[in-house]
Amino acid sequence: MLPPMEGRRPRAALVPNANNPRLLMRLIGLIAAGQRRAAPLAELLEVELRTVHYYTQAGEWLGLVETEGELRLSPRGLALAFAEPEEQRRLYADALMAQPMARALVEGRPAPPSPDELVPMILAQEPGMSPATARRRASALRGLVEPLFDRPAPLPPVGTQLALPLGTAPARRASPPLQPGQHSGESPDLYRRVLLALLDNGELSTAQLRAVLDEAGARDAPLPPCLEMCARRGDAMRLDDRLILSRGAVLRREAAEDAILVAFTDPLYREYLGLLQGQGIAPGPAGELAARNRLSRLAARFADWDRRIFGRRLQPGEVESATASLLPGRRLRSLPIAGEPGMPVQTDGRPYIEAFFTEEGEPGDPTIAFPASLVAIGGGVAALNPRLNTERAAPAAARLPGPLDPRSRVHGGLFAPGEALPRAIPDNLSLRLRAISTVPAVCLSTALLLAGRRGGSAPKLLTNSPQDPPLVRHAEVGTGLLDTLEAFARAQGQLVLRPPAGGLRDAALSGLLMDIGIATHSGSLLLLDETLFARLQEDPECRLVYEALLPIEDRWMAFFDSKRPRSGTPRVG
């Protein structure tokens with residue numbers, strides 16, 4: 001019998017036939033940008049096809065490239081592709097030192113080994129190789145390890161690039177506790193909670209409104225006074241059993257920062273304060289009598305508000321001085337009076353990724369929200385499907401807003417406005433694609449991460465660790481992730497709902513993106529996950545989402561180009 005044939009050695013174990021680290025880096029950069037086939041790579045690199053095979057094998061030997069199926073980068077290769085130049089040198093050295101043969105060639109040596117020294121080592125590993133071939137491989141191998149013998153200046157600690165004078169967001173005031181006796185439903189503290197929930201989610205069913213009041217500690221508060229206050233302020237409009245946040249409330253969202261601002265922007269309370277100042281009184285005895293009667297009724301109605309805001313019942317002639325002490329540097333008359341709801345919020349029942357553009361290809365005008373409850377998506381289908389069953393079984397139960405809520409007008413959760421709830425989300429890939437397609441915060445972030453794959457001057461998401469909030473950096477301008485998403489969406493003509501306090505945070509959003517496999521943390525960057533990037537390009541089901549993302553990616557690049565400092569314009573830090 002013939003002896004069994006010796007198994008073919010894995011491609012990653014073969015001694016590489018690539019000698020130019022710069023060409024290898026160019027190859028890795030093109031793969032990072034989405035080029036995964038050898039023929040286009042050869043054309044872009046202006047080399048022969050066999051040279052591409054040599055260099056992809058060298059990348060595999062160093063643990064930088066994976067060649068199973070389409071070309072893709074390993075986590076080490078992904079970090080190398082997007083690192084700063086000095087950091088790239090360190091990461092390349094780490095890759096060489098992680099390869100046993102490469103490490104043996106450089107440890108304890110002041111200079112690269114000569115080809116004469118390398119040939120015996122190569123022949124020992126590849127006994128079937130001819131001496132002439134071994135000598136060519138020795139020359140190539142020497143070229144790959146030469147960068148380790150350069151002595152660069154000491155590298156700065158990873159993450160110091162975040163130490164830029166980019167400023168910090170102003171501190172938000174904490175939500176004040178509800179005061180005793182303020183559970184009637186018409187309370188500035190209680191209404192502030194409702195307004196924050198509306199600004200966060202865009203819409204609330206009556207059952208969700210009940211849950212918001214319950215969570216605020218007002219289980220005995222009836223709904224009608226709160227609904228009446230919402231209507232007179234023009235902060236929301238009723239649509240069947242739902243409150244839909246108005247455009248006017250978005251313009252006045254500063255009022256939700258504090259219960260005092262809620263009171264001072266309320267039209268009825270402002271009328272009361274005006275009457276205390278002697279304003280709005282019709283001339284003549286009849287006008288004065290009507291004003292006194294009106295003031296008496298309003299003073300009784302707002303007695304609790306006076307005690308909450310001023311600590312006592314307010315007297316005529318005290319309004320100017322009392323309000324000035326609560327509004328440092330401002331006057332009461334400078335605050336807007338709520339009441340104008342603006343044009344009704346329109347909707348596009350298509351998934352957000354489609355509603356971003358009209359059917360004619362023009363920018364759409366969907367209304368979007370970035371709810372804090374989106375973090376629940378990070379639990380995957382194992383956590384979401386039981387919630388989905390509960391939502392289907394008891395749709396009218398009093399529950400706080402969540403990412404699985406049916407929606408009427410505002411894009412914000414996993415289901416588009418008007419979309420019927422499915423029985424289940426099949427798997428985590430389906431969840432990932434659904435989140436990209438329907439959740440504005442996830443869709444915009446994914447397109448931004450996709451734009452970051454362009455390299456060069458593309459935007460970067462900087463973060464010291466997976467737990468830290470990312471900073472979007474382009475040129476010398478840096479802003480928080482959600483602030484950037486909001487500015488971008490507004491620049492496209494979209495109505496963005498976002499509370500001035502609370503709501504989704506940058507670190508929570510980046511954590512969600514990592515939890516569901518959209519983003520990965522590498523070095524000091526948040527990057528589009530390599531496996532997802534490859535799948536978006538290769539898988540037919542994913543390809544539809546990828547093609548819908550590309551025009552949004554183009555809009556991102558145009559947005560950043562418009563923000564680029566021009567010649568002679570001072571850069572903003």
Side-chain angles (χ1 to χ4, degrees), residues 170-206 208-237 243-273 301-311 323 326-328 330 332 334-341 369-373 398 400-401 497-505:
R172 300 290 192 186
R173 284 179 280 190
S175 178
L178 289 176
Q179 302 298 311
Q182 292 192 340
H183 293 181
S184 66
E186 190 178 50
S187 152
D189 293 279
L190 191 57
Y191 185 77
R192 175 178 180 266
R193 307 291 182 88
V194 174
L195 187 53
L196 285 172
L198 278 167
L199 284 164
D200 191 31
N201 296 279
E203 52 187 75
L204 295 174
S205 68
T206 51
Q208 290 170 339
L209 176 61
R210 176 74 267 164
V212 169
L213 298 181
D214 291 350
E215 187 198 35
R219 293 181 178 275
D220 55 336
L223 291 184
C226 184
L227 293 171
E228 190 277 331
M229 188 172 174
C230 190
R232 77 167 181 251
R233 293 176 55 89
D235 286 337
M237 291 172 280
L243 287 173
I244 311 296
L245 189 74
S246 72
R247 295 177 186 271
V250 177
L251 297 175
R252 301 185 295 268
R253 69 177 181 177
E254 176 194 10
E257 288 185 347
D258 190 273
I260 293 173
L261 292 178
V262 169
F264 286 168
T265 56
D266 188 87
L268 206 55
Y269 193 62
R270 284 284 283 272
E271 180 189 353
Y272 160 64
L273 294 177
R301 181 171 185 170
F302 291 117
D304 285 341
W305 287 37
D306 278 355
R307 283 189 286 268
R308 164 69 178 92
I309 296 166
F310 303 106
T323 57
L326 297 173
L327 299 170
R330 302 180 68 176
L332 179 62
S334 71
L335 297 180
I337 299 176
E340 179 56 53
F370 306 141
S373 62
L400 290 172
L497 316 182
R498 196 174 165 206
L504 189 65
R505 297 300 190 191

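The figures that follow rest on heavy atoms only: side chains count, while hydrogens, waters and symmetry mates do not. Everything numeric in this text was worked out from a predicted model, so none of it was measured.
Minimum interatomic distance between A263 and I309 (heavy atoms only, all atoms of both residues): CB-CD1, 3.3 Å. The heavy-atom pair separating L497 from G202 by the smallest distance is CD1-CA, 3.3 Å. Across E254 and R330, no two heavy atoms sit closer than the pair OE2-NH1, 2.7 Å. Heavy atoms only, all atoms of each residue included: L213 and P222 are closest at CD1-O, 4.5 Å. In terms of heavy-atom proximity, A259 sits nearest to P188 at O-CB, 3.4 Å. V262 approaches R192 most closely through the heavy-atom pair CG2-CB, 3.9 Å.
A tilted orientation is assigned to the rings of Y269 and W305, their planes being inclined by 30° to 60°.
Within the 4.5 Å cutoff, the side chain of S373 has no heavy atoms near those of the D200 side chain.
Every side-chain contact (heavy atoms from CB on, under 4.5 Å) that A236 has, sequence neighbours left out, goes to L198, C230, L243. Partners of E228 according to the side-chain contact (heavy atoms from CB on, under 4.5 Å) rule, which considers only residues two or more places apart in sequence or in another chain, are E186, R232, R301. Applying the side chain to side chain donor-acceptor pair (under 3.5 Å) rule to R270 yields no partners; only residues at least two apart in sequence or on another chain are considered. Remark: T265 pairs with R233 by the side chain to side chain donor-acceptor pair (under 3.5 Å) rule, at least two apart or across chains. With sequence neighbours excluded, the residues forming a side-chain contact (heavy atoms from CB on, under 4.5 Å) with R247 are M343, V345, L495, listed by chain and number. For E340, the side chain to side chain donor-acceptor pair (under 3.5 Å) test picks out no residue, with sequence neighbours left out. Applying the side-chain contact (heavy atoms from CB on, under 4.5 Å) test to A303 and every residue at least two apart in sequence or in another chain returns R307, R313. With sequence neighbours excluded, the residues satisfying salt bridge (Lys or Arg N to Asp or Glu O under 4.0 Å) with R252 are D235. For F310, there are no ring pair (Phe, Tyr, Trp, His ring centres under 6.0 Å) partners, not counting sequence neighbours.
Going from atom CG of L400 over to atom CG of L209 covers 11.0 Å, rounded to the nearest 0.5 Å. The line from CG of L245 to CG of L195 is 7.0 Å long, rounded to the nearest 0.5 Å.
No donor-acceptor pair closer than 3.5 Å links the side chain of R193 to the backbone N or O of V212.
Ion pairing of R210 with D214 is present here, as a side-chain N (NZ or NE/NH1/NH2) and a carboxylate O approach within less than 4.0 Å.
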Exercise for the section: Might you work through the side chain to side chain contact (heavy atoms under 4.5 Å, CB included) test for L332 and L326, ending with a clear yes or no? Expected result: CA-CA 9 Å; L332 179 62; L326 297 173; over 6 Å; no
